[in-house]
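Take a look at the structure set out below.
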Amino acid sequence: MLQQTQVKTVVPYYHAFLSEFPDISVLSSTDLHVLLKTWEGLGYYARARNLHKAAKKVMTEYDGRIPDAYDAIITLPGVGGYVAAAVLSFAYGLPYAVVDGNVKRVISRVFAMDLPVNRPASHRIFQATADRLIDRQQPARFNQAIMELGALVCTPRNPQCKTCPLGEGCQAYLQGAAGRFPVRDRRKPVPVYEMAIGAICAKHRLLIVRRPVDGLLGGLWEFPGGTVNDGEPPDAACSRIILESTGLRLTGPSLLSHIRHAYSHFKVKAAVYTIEHGDGEIELSGPAEHAWVSADELQSYPLTGVARKILPLLPPLPEPGHGVKVYPVRSSN
DNA sequence: AACGCGTGGTG
DNA sequence: TCACCAAGCGT
């Protein structure tokens, strides 16, 4: 969970996760759908899929015990150099140095290193440096201390050099230039895609589709939609995309709202439409599954961030049996 | 090696 | 409003 994610963000997910999956055996026999629901909103969903695979592997190949050898633990899906060192030092007291964003920032400042920290070649230098610095008598303490220093004192912006325990031991501080470190290669500008998404309602139920288990947002559910072609009217795109992806031929998508969403490597501006649907046969192309769900049933599905943004915009969806037809009630504006 | 992969906080 | 960044890993 902590990969590329701040502790403050992780904490509530961590507690919910441990409550639901108290040990590796439970996790290994859990359906991915349930795991993803617990992970919903945390992002980087491959971590959840990898953790699931790792739990199965630990059960079948390591008798339910997480291995204490570097060469073994590193083979678990989702376990790289950082997690391997973290587990081996914190759980088993072994002298492996963690190198995360905090550690690289601290080291780059302490030694005034101008190696770009986001370059694979320089990562090896930081790892070698941390390996040299680590207290072999108290590896867990050292690892925790250097990460915590980076998180609380040697922060990315406005580092608290005045109260830093390293004080004059830091080259960047001596140069009065902590703010110039760490050096980082500029990242590429992110493209913005225009999308059209349809909230299709029939018999008081919404249509949601499941994304393929691999790739972006793998295994999560969302309202059917896709990218608008250049020059294509968004409402026409909505009809086209829904026909292509679900097989449903629909008329008159009604504009509900626009939403924006930022992913790791691109941005989206989406037009959201409501559509009333009589009947018709689903024939999926792209999505792995589909479901017609009531508002209540929807709660158990792991949804994408975009779907969770759309949900509160929708007109109320009554439970069937009330005989009150209120969806859709809003016209476009 | 470079890129794909989420989301929320922050200045 | 927006770019930047976070307890990285897989391909």
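Chain A is the first sequence line, chain B the second, and so forth, proteins listed ahead of strands; every chain is numbered from 1.
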Pair assignment for DNA chain C - dot-bracket with | for other-strand partners, Watson-Crick or G-U under 3.5 Å: .|||||.||||
Salt bridge flag under 4.0 Å for residues A:Glu222 and A:Arg210: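 No salt bridge links A:Glu222 with A:Arg210.
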Cationic N near anionic O, under 4.0 Å, A:Arg119 to A:Asp185: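 Here A:Arg119 pairs with A:Asp185 in a salt bridge, since their nearest N and O are under 4.0 Å apart.
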For [X] and [N], give me the distance from atom [atom1] to atom [atom2], rounded to whole Å.
| X | N | atom1 | atom2 | result |
| --- | --- | --- | --- | --- |
| A:Ile146 | C:dA7 | CD1 | P | 13 Å |
| A:Phe266 | B:dG4 | CZ | P | 10 Å |
| A:Lys188 | B:dA2 | NZ | P | 10 Å |

A:Arg105: partners by side-chain hydrogen bond (donor to acceptor under 3.5 Å, both in side chains), with sequence neighbours left out: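 A:Arg105: side-chain hydrogen bond (donor to acceptor under 3.5 Å, both in side chains) contacts with A:Asn102.
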Listed partners of A:Ser89 passing side-chain hydrogen bond (donor to acceptor under 3.5 Å, both in side chains), at least two apart: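 A:Asn143.
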Student check: side-chain heavy atoms of A:Tyr273 and A:Pro234 closer than 4.5 Å: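 Counting from C-beta outward, A:Tyr273 and A:Pro234 do come under 4.5 Å.
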Heavy-atom protein contacts under 4.0 Å, nucleotides 6-11 of chain B, coded B base, S sugar-phosphate only, - none: BB-BBS
Comparing A:Val190 and A:Val83 on DNA chain C - which has the more 5′ nearest nucleotide: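 Residue closer to the 5' terminus by nearest nucleotide: A:Val190.
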Partners passing ring-ring contact (aromatic ring centres under 6.0 Å, His included) against A:His261 (at least two apart in sequence or in another chain):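 A:His261 satisfies ring-ring contact (aromatic ring centres under 6.0 Å, His included) with A:Tyr263 only.
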Residues forming a ring-ring contact (aromatic ring centres under 6.0 Å, His included) with A:Phe223, sequence neighbours excluded: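 ring-ring contact (aromatic ring centres under 6.0 Å, His included) list for A:Phe223, sorted by chain: empty.
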Whole-Å P distance, C:dC9 and B:dG8: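 The answer is 22 Å between these two P atoms.
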Between C:dA7 and B:dC5 - P atom distance, rounded Å: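 Going atom to atom, P in each nucleotide, I get 23 Å.
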Centroid-centroid under 6.0 Å between A:Phe21 and A:Phe17 rings: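 That pair passes the under 6.0 Å test.
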Side-chain N or O of A:Arg105 closer than 4.0 Å to phosphate OP1/OP2 of C:dA6: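 Checking C:dA6 against A:Arg105, a side-chain N or O does come within under 4.0 Å of OP1 or OP2.
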Closest listed nucleotide, where the reference is the side chain of A:Leu2 and the choices are B:dA2, C:dA6, C:dA7: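 The closest nucleotide is C:dA7.
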